[in-house]
Amino acid sequence: MTRPLTRRAPVAGALACAALVATLLSPGGAQASAPVARPELRTPEGTTVLPNLDDDARRCTLRPGDLDRLDVAVDERLAACDDAADEVLNGAADAEDLTPLRVMPMAAGDRAEGRVSLPAAQRPYARVFVVRDGRYVSLGTDGRLDAGELRRGVRLAVEARDIVRDRERWDGRIEVTLAVTRHGTTRTARADLRVAPVLLQHDLQRAQHVFASAPGPGEGQPVEVPASPRRPGQWREFADSLREAAEKSGLPGSGLRFQPGTAQWWRDVWRQDIAEPGYVTRTTPHGRHTLRILLRSPNYWTSADGRSASLRRAGRLLYQDLRGPGVGVVQQYTPTARREKNVDELLNFTGNFESLPPYAGYPQGRVVHGGSADRRPDPSFVGMLNAQGQQPAVVLDTSWLLVGHVDETVHVVRADNARGWTLAVSDPRAAVALLERARRAGEGGQRLFADTVAEDKPTVDELLRHERHAGDNEDAARHIDGQLAVLLRETGLKPGEIVRLPVLYYRVASGEGLPRRHLALSPALANGLSLTARDYAAPTPHGPRVAGRDLFRAETERALAAGGVRVHWVEDFSWAHLGGGEVHCATNALREIT
């Protein structure tokens, strides 16, 4: 028979709970009252260690002139300052970024001596602290513990000083050894820990902070990104429509931020292309503890005279505006002089690095990036992503695109299927079919982009004649077919699950001796910003109209609504589209980590 609860049961339970908490918080943990005979290390919160690359005390600040100076030494200095760069605890919050380790109390004599150590090859990548008199003190290379500490038990904490970048140099293991010498005999214990891998966020995670560019003073033409004679315009229309989209999706007003560049480079408006946001996480008794890690784009520029070298200066805004408590920045790049010939600077923009959500066989999802034998991103940056060992890459051929980014043609969107997501892709054939529909409706003389600042506003009939002659859209469609073949094979999605969005393309010269490459003629609708899984900020297409309705706009709303996604239209034609990008290229987001 089950014994009924009495009024005293909650009191007894509370006392038992309090006793358990007190025991667990004692220096030796649960066995503090029973000294062990042999050295013993315990990991009360697991064996995962976070790379402590944030700035909890906000001590890492920029010097005057740092944003503009064309000197890679500035970038190296900014990257070298973080909580793991020194041997002290940087504020109370910094302790939470360390992984606790316990030396269990021992039956040790007065002459017993302990030593905590790391293998020499791991010392540049990890550090061990000891708690003495209530303070965290670095054990350094000596690592000595006295007999009294061994008898009482010792609280240690392990800090990772970097992420894994190259597994041949460091594979992420942290091997802490405790050696105790008593009566001339040395016995050891070892704790095997591992640094947390960096995981890329994906577009179904709710945006918590969105940032975009804003005009700055002066001309603002950056020398380290491809020159453009065109000045971005109509920022107010872009900003107001993006703000409205954010508000309708439920993003707090403080969650949208516009960052002006300096007078020297504000026209580098591509916030997606300066960093790919990721995160690291470990489990604690209070839940998951997470740090954001922003992977700075590996854009490295050397002046024509060879006298100046710098990473892309807009990337320094990451250190100015975003690095701080819970947020770190990582740089991984190859200087131009050491690069292989087929490394293309455009493919180093981080709009070329996206991710797929988790699915069967890939519990952390997968990285997606563009490249080919002829054009590829910096191998050291790609190698760093691969070294995390959690999100195996899917590589798409983007070499046929002038810019060459995966976000130009592919976007993850919500779907009512078994996995909860699918892919939205650019579909030039669908766009041409809508032009034909407009012609049949008697609207062949209507001009596309009529209400924009575009210099060329072709009619429906003109575009159809050009397509019959040049076949630009059919050629783009064949390339996208190739991308889809890879994606369908790698994800298991079915062709009928793909969301197809109408986008027109045209071929342009890409340089002397190089093939003509494709650029989106109409705003690339797959190149938008997911604010939530159900809210998508897309570039206004300014497509052909029939009966007063924009056919491209209506088709996009219909296709996405089938998966429960609402479209919020953002006016980016002058601010981003005419410069070769769209809403996604001109924004970035830090997303909810679940």
Side-chain angles (χ1 to χ4, degrees), residues 400-403 408-411 413 423-484 495-496 498-509 516-528 536 538-562 567 569-574 576-584:
W400 56 280
L401 290 160
L402 180 66
V403 178
E408 296 180 70
T409 55
V410 179
H411 194 99
V413 293
L423 297 169
V425 301
S426 296
D427 190 340
R429 294 190 186 103
V432 172
L434 290 174
L435 295 181
E436 293 282 6
R437 177 177 165 185
R439 182 186 60 79
R440 291 194 301 271
E443 299 287 359
Q446 184 185 145
R447 294 189 179 278
L448 277 74
F449 323 134
D451 52 349
T452 73
V453 298
E455 293 182 6
D456 187 14
K457 300 177 181 179
T459 67
V460 169
D461 287 341
E462 287 171 343
L463 284 171
L464 289 172
R465 283 196 298 270
H466 178 79
E467 179 62 22
R468 285 192 292 270
H469 169 72
D472 288 354
N473 284 283
E474 182 55 35
D475 189 64
R478 284 193 294 268
H479 286 294
I480 293 171
D481 288 345
Q483 291 183 336
L484 265 178
I498 300 299
V499 176
R500 297 177 177 273
L501 305 179
V503 181
L504 293 167
Y505 287 86
Y506 69 113
R507 278 181 281 200
V508 296
R516 288 160 60 84
R517 291 177 176 145
H518 291 76
L519 195 62
L521 175 64
S522 63
L525 295 161
N527 196 346
Y536 182 64
T540 303
H542 301 283
R545 290 180 174 271
V546 171
R549 295 186 67 205
D550 183 325
L551 295 182
F552 286 12
R553 181 167 172 154
E555 176 57 22
T556 300
E557 291 174 345
R558 183 203 64 77
L560 288 169
V567 180
W569 296 104
V570 176
E571 180 50 66
D572 80 340
F573 200 92
S574 181
H577 173 70
L578 292 179
E582 306 293 354
V583 176
H584 190 260

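Under the 4.0 Å criterion applied to side-chain N and carboxylate O atoms, R429 and D481 are assigned as salt-bridge partners. Note on R478 versus D475: salt bridge recorded, some NZ/NE/NH1/NH2 to OD/OE distance being below 4.0 Å.
Interatomic distance, CG of L463 versus CG of N473, reported as 8.5 Å (0.5 Å rounding). Atom OG1 of residue T409 and atom NE2 of residue H518 lie 12.0 Å apart, to the nearest 0.5 angstrom. In this structure, the separation between CG on L434 and CG on D550 is 9.5 Å, given to the nearest 0.5 Å. In this structure, R440 CZ and L435 CG are separated by 10.5 Å, a value rounded to the nearest 0.5 Å. Distance check, rounded to the nearest 0.5 Å: CD of E555 to CG of D427 gives 9.0 Å.
Of all heavy-atom pairs spanning E467 and D472, the tightest one is OE1-N, 3.4 Å. Closest approach of A454 to F573, counting heavy atoms only: CB-CE2, 3.6 Å. Counting all heavy atoms, side chain and backbone alike, G445 lies closest to T459 at O-CG2, 3.5 Å. Taking every heavy atom of both residues into account, E462 and P458 meet most closely at OE1-CA, 3.3 Å. Closest of all the heavy-atom pairs between E582 and A576 is O-CB, 3.9 Å. The heavy-atom pair separating A477 from P428 by the smallest distance is N-CG, 3.9 Å.
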Taking it one step at a time, do L464 and V432 satisfy side chain to side chain contact (heavy atoms under 4.5 Å, CB included)?
CA-CA 7 Å; L464 289 172; V432 172; 4.1 Å; yes
CA sep, side-chain torsions, deciding dist, call: L448, V460, side chain to side chain contact (heavy atoms under 4.5 Å, CB included)
CA-CA 7 Å; L448 277 74; V460 169; 3.8 Å; yes
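A donor-acceptor pair is defined here as one N or O able to donate and one able to accept, closer than 3.5 Å; such a pair exists between the side chain of Q446 and the backbone of R545. R516 places a side-chain N or O within 3.5 Å of a backbone atom of R507 that can act as its donor or acceptor partner.
Not counting sequence neighbours, E443 has no partner by the salt bridge (charged side-chain N to carboxylate O under 4.0 Å, His left out) test.
Screening L402, L401, L521 for a side chain to side chain contact (heavy atoms under 4.5 Å, CB included) involving Y505 leaves a single residue, L401. None of R553, E571, H577, R447 except one satisfies the side chain to side chain donor-acceptor pair (under 3.5 Å) rule with H542; the exception is E571. With P541 as reference, L525 is the one residue of L504, L551, V503, L525 to meet the side chain to side chain contact (heavy atoms under 4.5 Å, CB included) rule.
Side chains of Y536 and T556: no donor on one and acceptor on the other come within 3.5 Å.
Relative orientation of the H479 and W400 rings is parallel, given thresholds of 30° and 60° on the angle between their planes.
Taking 4.5 Å as the limit, some side-chain heavy atom of I480 sits within range of a side-chain heavy atom of S426.
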